[in-house]
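Inspection log for the structure reproduced underneath, given as structure tokens.
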Amino acid sequence: MKRTLLVSAVAIAGLAGMATAATLDDVRAKGFVQCGVSTGLVGFAAPDADGNWDGFDVAFCRAMAAAVLGDPSAVKFTPTTGKTRFTALASGEVDLLARNTTWTFSRDTDLKQTFVGVNYYDGQGFMTHASLGVSSAHELDGATICIQTGTTTELNLADFFRANSMSYEPVPIETNAEARQQYLSEACDVYTTDRSGLAATRASLENPDDHVVLPEIISKEPLGPLVRHGDDQWADIGRWVLNALITAEEKGITAANVVEMAAGTNDPEVNRLLGSEGDLGSMIGLNSDWAVHVISAGGNYGEIFERNIGSDTPIGLERGVNALWTDGGLIYSPPFR
Amino acid sequence: MAHSAFVRDGLIAPKPPPMTEVGAIGWMRANLFSGWLNSILTLASVAGTVFVFYELLPWMFQSSWTANSVAECRAAIAGAHGDGVNGACWAVIRERYLQLLYGFYPANMYWRPNLTFVLMLVALSPILFPNLPRKMLWFSAVYPFLGYFLLWGGTIWLPISILLGFVVGYFLIALNSARMGLLFGVISGAAGTVIYWIYIASWFAQVAHDLIPIGLTEVESARFGGFMLSTIIGVTGISCSLPIGIMLALGRKSDLLIVKSICVGFIEFIRGVPLITLLFVASTLLNIFLPPGTNFDLILRVVIMVTLFASAYLAEVVRGGLAALPTGQFEAADSLGLDYWKSMRLIVLPQALKISIPGIVSTFIGLYKDTTLVSIIGLLDPVGLTTSIRADSAWNGIVWELYAFVAAVFFVFCFSMSRYSMHLERRLQTDHN
């Protein structure tokens, strides 16, 4: 009985927390977007020497601030860990979470979050020493594998090896830094985590060519920004800011030419997006030139990708499945109409 | 008679002791090679030390201070010391040491934490060293408010207005205890202070600020990090937990049932849960329970939890000191006709605290190092910052250099605490051995 009471007290308190006024009004009133990011993940979120945050996820926070307040620097970042991120969002400490979080059923429904889309399609992969001469994950029978405990990667790994009736010996590790040391000292033959993480780790090794990332991807990890359940307008803004970034790449709108194109083009969808035709902005509660601010903040989806994690950066990720649908990838935006 | 017994008529000058018993050789025989087991241990330790330095020194000194990324570091070290040399990339410390010290505090305002730190030493000195003038204690009393104002900025009237709460309380106690007795006086003073803080303090600060606006640029808590954050949490926790801990220890030994049960319950509850649980409560649960829109600073929440945690442990350390004191001391105090507080203040506590010094300082050192746990709830203390710095693709892969720096700074702080405690023990040594 006492337990039920406590649980319902927590639930009521939680509801009270969620039933706050519209996030959009709150954000306008305080003049900045409070954005939950990672405490540090190569390419996705990291502070530089002056304390300015930068990265692929950070760029989305800045785009949101640009859309709502017209100023990409009107963001305050709250570093969150894997354990504190959802509570920080649910309790209203942050307005949105852009912290390479995998979109799963239970997080969407049970934890009462709303994922606004997918900004990076990741998947679990394997990295191994080139000297072992392994070219496929199906040759890993009997390998020792470094694996982060308590994550979905651990379960995916078990599933993959069972499905292929192979055996492996797990070496449990806590953090990426620890995994790196274990892997380098050859305490494990293979390191497995998300492929973006593998690429970043491989790039930081002394001789990246001595290590290969195997071609198999054994899980789906769609990473995306998320907001609280129950504020549809705010979720819509998040969703369409992301779609604006994607559509901008599709239509060739860049940070450099967005102002010029906002004056009017021959493409009606571009005109609707940038506000020179129609009135999409007011339907979502924003100014008509919201998308112009979004794109001038850090460029379109492709520009953000290339600058933070693309093939010219030390991390060197290929677009792969994260290419536009027109290039055979999965990145796709509904039309602006 | 020519033949007579030999009679010595003087002392023979003493011979110098054998070579093997004096000087360096004698010392080594006595201390290092006094038996086969000790000889083996000595040789093994020497071999171990030499090995560590042989491995460590080249790494430390065949290093790069000037590079701008890990790759440049490796190239610079290979260029200067030959291929395959494994050297430290101290360049990351050169680029980020300010961040590790101050977090994201605005660079043009570094003088504020610096000044706060220097003033902290000034405020602590009359407490730590009794031969300084006692008047300096007034500064120590005002310091917490001054430190808050310097670090967080904002209007100067808020700390002043909160400080005024104590003045209000003092006058209420003085006024009411003269008329209606001490107990009522104290109660009315405490109630008056709390009411003043809740309802009047912020209004007063606002009005005063409108009249005479004095203040510093506000710096939000999110910009606090690095050793500054550790020191704020550690020092506040240490200085608040000592009085609370002593009170809890006295409460636990008290004859008053309610006081005793509250103290025992508090101590056992806090000691029964890990610090990390309390930190999670501070960072996540409190958020859900507090009414929406409450902006209860995360650093403040963490400081409160850390203080409560340390108080419970200190209470037990002090209780150990109280228990070690012979009953005769308590009885002597009673027989002198001293009341409870006087006997505690003049006779019992000075002795009990002296006994507890090593335990108290251990708790303090532990508390200071425990502040690194806040990295788990997303605060960027030095350990949390190492992760963030590694997340910069220029420095991804640097581990030992960052940890070495953090460890070195922690060592300086903790070692000075430990030295001070030894100094204190020597100074308070009153037994005759």
Side-chain angles (χ1 to χ4, degrees), chain A residues 9-11 13-14 16-21 26 34 36-55 76-88 90-93 175-178 180-181 184 200-201 203-207 308-309 313-316, chain B residues 68-71 73-74 78 84 86 92 94-99 102-107 220 222-223 225-226 276 279-280 283-296 298 375-380 384-400 402-403:
Chain A
V10 173
M18 260 179 270
T20 43
D26 287 352
Q34 191 83 44
V37 292
S38 161
T39 48
L41 183 69
V42 186
F44 287 85
D48 67 7
D50 301 322
N52 301 316
W53 287 83
D54 204 3
K76 290 188 179 175
F77 295 99
T78 302
T80 56
T81 67
K83 295 182 178 77
T84 61
R85 54 183 167 183
F86 295 124
T87 347
S91 66
E93 201 178 321
T175 63
N176 182 48
E178 189 189 343
R180 197 174 172 277
Q181 299 298 330
L184 281 181
T201 307
S204 76
L205 297 176
E206 202 152 354
N207 298 308
N308 292 301
I309 53 181
T313 64
I315 306 160
Chain B
N68 289 312
S69 70
V70 182
C73 254
R74 285 178 186 144
N86 186 15
V92 67
R94 172 190 54 80
E95 192 189 289
R96 298 294 183 117
Y97 76 99
L98 284 173
Q99 199 168 54
Y102 299 101
F104 303 138
Y105 210 84
E220 48 183 354
R223 304 191 73 101
I276 195 70
L279 290 179
F280 271 121
S283 86
T284 57
L285 258 176
L286 274 185
N287 262 348
I288 293 176
F289 281 119
L290 290 171
T294 333
N295 192 6
F296 192 10
L298 181 60
S375 62
I376 296 176
I377 56 167
L379 286 179
L380 292 179
L385 271 174
T386 60
T387 316
S388 305
I389 293 172
R390 258 198 308 276
D392 187 334
S393 54
W395 300 118
N396 186 15
I398 297 233
V399 182
W400 302 112
L402 290 167
Y403 284 146

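Predicted, not measured: the structure shown is a model, and the values here were computed from it. Just the heavy atoms: all of them, side chains too, but no hydrogens, waters or symmetry mates, feed the values below. Below, chain A is the first sequence line, B the second, and so on; all start at residue 1.
With a 4.5 angstrom heavy-atom cutoff, A/Glu206 touches chain B via backbone and side-chain atoms both. Neither the backbone nor the side chain of B/Ser69 comes within contact range of chain A; no heavy atoms are under 4.5 Å apart. For chain B, the nearby parts of A/Ala200 are the backbone and the side chain; heavy atoms of each come within less than 4.5 Å. Neither the backbone nor the side chain of A/Ala203 comes within contact range of chain B, judged by heavy atoms closer than 4.5 Å. Only the side chain of B/Leu380 comes within contact range of chain A, with at least one heavy atom under 4.5 Å from a heavy atom of that chain. Heavy atoms closer than 4.5 Å to chain B are found in the backbone of A/Thr201, but not in its side chain. With a threshold of 4.5 angstrom between heavy atoms, A/Pro314 approaches chain B through side-chain atoms but not through N, CA, C or O. Neither the backbone nor the side chain of A/Leu184 comes within less than 4.5 Å of any heavy atom of chain B.
Around atom CZ of B/Phe280, more than 12 heavy atoms belonging to other residues, nucleotides or ligands sit under 6.0 Å away.
Side-chain N or O atoms of A/Asp50 include none that pairs as donor or acceptor with a backbone N or O of A/Asn52 at under 3.5 Å. Put simply, the side chain of A/Ser91 gets close to the backbone of A/Thr87: a donor and an acceptor are under 3.5 Å apart. With A/Thr81 contributing its side chain and B/Gly378 its backbone, the two residues share no donor-acceptor pair below 3.5 Å.
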Review point. How far apart are the C-alpha atoms of B/Arg390 and A/Ser204, what are their side-chain angles, what is the distance that settles it, and do they pass the side-chain hydrogen bond (donor to acceptor under 3.5 Å, both in side chains) test?
Key: CA-CA 10 Å; B/Arg390 258 198 308 276; A/Ser204 76; over 6 Å; no

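Atom CG of B/Leu98 and atom CZ of B/Phe104 lie 13.0 Å apart (nearest 0.5 Å). Rounding to the nearest 0.5 Å gives a distance of 7.0 Å between OG of A/Ser38 and CH2 of A/Trp53. Note that the CG atom of A/Asp48 and the CD atom of B/Glu95 stand 8.5 Å from one another [nearest 0.5 Å].
Between chain B and the options A/Ala177, A/Gly51, A/Pro47, the largest number of non-hydrogen pairs under 4.5 Å is found for A/Pro47. Highest contact tally toward chain B, considering only A/Ala49, A/Ala46, A/Gly43, A/Pro79, is held by A/Ala49 [criterion: heavy-atom pairs under 4.5 Å]. Looking only at heavy-atom pairs under 4.5 Å with chain B, the residue among A/Asp54, A/Thr78, A/Thr84 that has the most is A/Thr84. Most heavy-atom pairs under 4.5 Å with chain A, from the set B/Ile376, B/Ile389, B/Leu298, B/Leu385: that is B/Ile376. In terms of heavy-atom pairs under 4.5 angstrom with chain A, the leader among B/Arg223, B/Gln99, B/Arg96 is B/Arg96.
Residues A/Lys76 and B/Glu220 come closest through the heavy atom pair NZ-OE1, 2.8 Å.
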